[in-house]
Amino acid sequence: MSDLVSKFAGRKPRSAIILGSSLGAFADSVQNAIRIPYRELQGFPVPKISGHAGELVVGTVGGKEIVVLAGRAHAYESGNAAVMRPAIEALKSAGIENLILTNAAGSLDPAMRPGSIMLIEDHINQSGMNPLIGQHGDENFVPMTNAYDPGLRTKIIAAAEAEKLALHKGVYVWYSGPSFETPAEIKMFRMIGGTAVGMSTAPETILARRYGLRVAGLSVITNLAAGIEGASPSHAETKSEGAKASARMGQLLTRFFTDL
Ligand code: HPA
């Protein structure tokens with residue numbers, strides 16, 4: 001039995017979700033929850049920055065057993081793009097098949113306003129890092145076509161329709177951070193086909209695909225990206241706007257898990 005399974009106390013979740021900046025409230029909606037601090041889990045990252053918790057919650061949402069990872073470590077904290085590898089590996093060995101990744105992101109499209117929710121259809125890696133660098137073996141040549149699972153995307157779109165929630169769709173650009181982008185970089189990201197920009201998610205998608213998990217991604221748009229309509233994003237804004245949208249994100253996720 002894997003380390004993690006032994007802590008699940010007989011539950012058999014097949015889906016897990018990683019909560020992004022200030023979306024932690026969703027973890028409180030889990031019923032019959034067992035809460036395990038990351039520090040009790042081998043290799044799980046203990047987040048160091050404000051707005052990010054660090055606990056694994058196993059319980060039910062919408063009648064489905066799920067795992068919630070409240071808090072993630074980011075590549076920019078250490079320079080290690082594979083910082084979430086042990087957690088993702090542990091989820092895989094514990095029988096998880098679907099991994100939902102959420103984040104806060106800046107909008108590259110003036111029509112996608114702060115407070116919007118965006119379904120990630122694809123990503124562009126602008127970080128200069130890859131979590132699989134240094135790994136050996138053919139399984140690291142991971143195909144990234146349809147990395148964001150078309151079947152899960154269809155289910156998220158259906159959940160948004162059922163809840164009458166507006167859902168944008170687009171391409172997430174992974175920027176290393178922790179500094180925000182310059183307006184010139186944002187102009188480039190728009191030109192190369194980006195819709196939103198953020199500092200997480202893409203490395204976890206790459207790792208999850210490496211381990212054969214199905215992935216879905218959702219962004220809460222907390223701000224217009226640097227330079228758009230004069231925007232100059234800040235971490236404080238990311239946290240406060242993320243918290244405002246978290247109820248709608250929770251509604252969408254609850255419907256998604258209910259119908260999964
Ligand atoms: N840029 C990068 N990451 C972000 C942003 C942004 O504008 N907003 C929230 N996370």
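When a ligand or atom number is given, it counts from 1 through the structure's own listing order. These figures come from a predicted structure and were not determined experimentally.
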Please check: side-chain N/O of T195 versus main-chain N/O of V171, any donor-acceptor pairing under 3.5 Å?
yes
Pairing of E65 and K12 as salt bridge, 4.0 angstrom limit
no
For F256, ring pair (Phe, Tyr, Trp, His ring centres under 6.0 Å) partners two or more places apart
none
Near ligand 1, at a heavy-atom separation below 4.0 Å: residues by chain and residue number:
A104, A105, G106, F180, E181, V197, G198, M199, T222, N223, P233, T238
Distance-only donor-acceptor hits, side chain of residues 216-225, under 3.5 Å, sequence neighbours excluded:
{"unit_1": "S219", "atom_1": "OG", "unit_2": "N103", "atom_2": "OD1", "d": "2.7"}
{"unit_1": "T222", "atom_1": "OG1", "unit_2": "A105", "atom_2": "O", "d": "3.4"}

Using the test salt bridge (charged side-chain N to carboxylate O under 4.0 Å, His left out), find all partners of R210 that sit at least two apart in sequence or belong to another chain.
E139
If only side-chain N and O atoms count, and only distance matters, is there a donor-acceptor pair under 3.5 Å linking D109 with S107?
no
